[in-house]
There are 2 protein chains.
Amino acid sequence: MGAPESAAPLSQPAATFSYEHEGDRQFATTLARGLEVLRCFTPTEAMLGNKEISVRTGLPKPTVSRLTYTLTKLGYLRHNMRLGKYQLGSAVLSIGYPLLASMSVRQIARPFMKELADYCSGSVSMGIRDRLNMVYVESCRNGNGFSTLPDIGTAVPIAQAAVGRAFLAALAPAEREAVLNQIKVKQPESYRKYKPQIDKSLEEIRARGFCVALGELRREVYAVGVPMRRTVDGEIVAFNCGVPAFSLKKGQLEDDIGPRLVAMVRTIEASLGMH
Amino acid sequence: MGAPESAAPLSQPAATFSYEHEGDRQFATTLARGLEVLRCFTPTEAMLGNKEISVRTGLPKPTVSRLTYTLTKLGYLRHNMRLGKYQLGSAVLSIGYPLLASMSVRQIARPFMKELADYCSGSVSMGIRDRLNMVYVESCRNGNGFSTLPDIGTAVPIAQAAVGRAFLAALAPAEREAVLNQIKVKQPESYRKYKPQIDKSLEEIRARGFCVALGELRREVYAVGVPMRRTVDGEIVAFNCGVPAFSLKKGQLEDDIGPRLVAMVRTIEASLGMH
DNA sequence: GGCGCGGGTTTCAATATTCGAAATCCAATG
DNA sequence: CATTGGATTTCGAATATTGAAACCCGCGCC
């Protein structure tokens, strides 16, 4: 079977388990593996058979079989018996909701984000870190159709996305180094390719409050990123604003949209401050 | 369990595990328990200590300790060490995203939903089943502030919500009986209280295509529900439209909004049909 | 300071689960 | 009807998990 070599750099999760957690008597391997199974599914690979999961995770087939069986019983997977494949089940959504609901910054920020998204005919999103990605917890786009939509739960690589670099800029130097080092180790090609841009972005944020990413994540989308200057509930929050490249006038991103995103974030910070 | 059971606290999920899956050599208990830990968190109880989790799940403290340790290492929980409590981590969001992204019906439906939400100054949501709840996979509300927002991932009890009864109406009779029976067993008070309304709703849908729920889930929100007449990807999809009770004119829900929601769903079905 | 209390964590032997090669099953295909 | 590819079952050995009890620790109280 032509296992489609995805562009996305998957490391070896199986190896990860064996090496990183060996001898840790606290660590519940089965739980980690089950969750790793859920993580195999992506928007483009929404249906997977046990074999494919086994290949992706590096877990033995019988183990995968039991894990998918369990996850299916619990509603986290659905079994399509005509294809003999699994896909994510509705239960995966409900475990994320309490997190969203308890982040009041989302409600506060939403109108400001919508306003900016409308102004620049693009999309404005709020993200927090997950591993080496930023996950969107809120996203607004202008009414008329922006090709593909950013959506809550979308994960974008820290290294490539404006929102990711904004996040890096907000980190304490020591932690920033730690994250960069993880990227270096786990996504070496990505690191080589984007490290200069990352450094430039950090400098931009110091100088102007925002950074730009010109089609580095998706060729046709140019974006600016801004971090919040305070944490929310101990979590660093960053914003981006992405606009279709073709609709941008020269200099508009740097001179208009960037500063507006900065202003928006400052407004949100202020609204948060007064609780 | 996941359902917002108001009065009656909790059944015994631990017992649930032991009894329901004893002797099932396929079933990965540790995985199920870990996921059950994640399900303990709710919007109103966003932070829990090991002891609280232990009480809610019925699992012994050391077991919970190890599970939270594992989940924290993986990013599904965050540890707040000033309080010694846990809260959901960003990783819970990213496992749900591929499911959302692969449901193309969401994109198709969104503009129609938005239009209706604007028209009736309320919110329009699309839900699928999770256990005895309906989970929202898409939700639109009109711009001006509707008190509390329905959001993607929100779970509402099938028995009480218009969207849940719409779902029931779309089920094959045998499966409907099965679900109703589960409700009877697992949410007995809820069943006693709402069974007559449920029957009425089923009849309404047969007769007019939609059902109404007048403040049964939230006192101040009146809602109508409509099921889709075809499954999407094997999954039954239902819609609701909720409006603040005070802003409704007499008869408006039945004579105007209900039929409009029906029309909306028919439009979406048609758009889906032509792929 | 001493005491008790309410978590949280560690210990450790008993127990249950997982491993994984090989066998089996099953449905689709030639 | 033989073949093929994947999913599932089998089973003894290897390993991980379990959970009662003990331990730890910070806190408030007397």
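Throughout, a chain's letter reflects where its sequence line sits, starting with A, and its residues are numbered from 1.
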Could you check how far [atom1] of [X] sits from [atom2] of [N], rounded to whole Å?
X       : N      : atom1 : atom2 : answer
A:Leu48 : D:dG6  : CG    : P     : 14 Å
A:Lys51 : D:dT4  : NZ    : C1'   : 12 Å
B:Ile53 : C:dG7  : CD1   : C1'   : 13 Å
B:Glu52 : C:dG6  : CD    : C1'   : 12 Å
B:Leu83 : D:dC27 : CG    : C1'   : 15 Å
B:Lys85 : C:dG6  : NZ    : C1'   : 12 Å
B:His79 : C:dG7  : NE2   : P     : 14 Å

| query | Would you say A:Asn50 reaches D:dG6's phosphate, i.e. side-chain N/O to OP1/OP2 under 4.0 Å? | reply |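 It does not, given that no N or O in the side chain of A:Asn50 lies less than 4.0 Å from OP1 or OP2 of D:dG6.
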
Identify all side-chain donor-acceptor contacts of residues 60-71 of chain B below 3.5 Å with residues at least two apart in sequence or on another chain.
residue : atom : partner : partner atom : Å
B:Thr68 : OG1  : B:Asn50 : OD1          : 3.0
B:Thr68 : OG1  : B:Val64 : O            : 3.0
B:Thr68 : OG1  : B:Ser65 : O            : 2.9
B:Tyr69 : OH   : A:Asp24 : OD2          : 2.5
B:Tyr69 : OH   : B:Lys73 : NZ           : 3.4
B:Thr70 : OG1  : A:Ala28 : N            : 2.8
B:Thr70 : OG1  : B:Arg66 : O            : 2.9

Results of salt bridge (Lys or Arg N to Asp or Glu O under 4.0 Å) for [X] - residues two or more places apart only:
X        : answer
B:Glu45  : B:Arg56
B:Arg229 : B:Glu269
B:Arg131 : none

| message | Going by side-chain hydrogen bond (donor to acceptor under 3.5 Å, both in side chains), name the residues that satisfy it together with B:Glu235, two or more places apart in sequence or in a different chain. | response |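 For B:Glu235, the residues satisfying side-chain hydrogen bond (donor to acceptor under 3.5 Å, both in side chains) (neighbours in sequence not counted) are A:Arg78.
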
| Touch check for A:Tyr69, heavy atoms < 4.0 angstrom, all strands: base, sugar-phosphate only, or nothing? |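 If one applies the 4.0 Å heavy-atom cut-off, A:Tyr69 turns out to touch nothing in the nucleic acid.
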
| task | Would you mind building the protein contact string for nucleotides 9-18 of chain D? One character per nucleotide, 5' to 3', B for base within reach (heavy atoms under 4.0 Å), S for sugar-phosphate only, - for untouched. | result | B-------BB

| query | Under 4.5 Å between any side-chain heavy atoms of A:Tyr97 and B:Ile152, yes or no? | reply |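 Answer no - side chains too far apart.
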
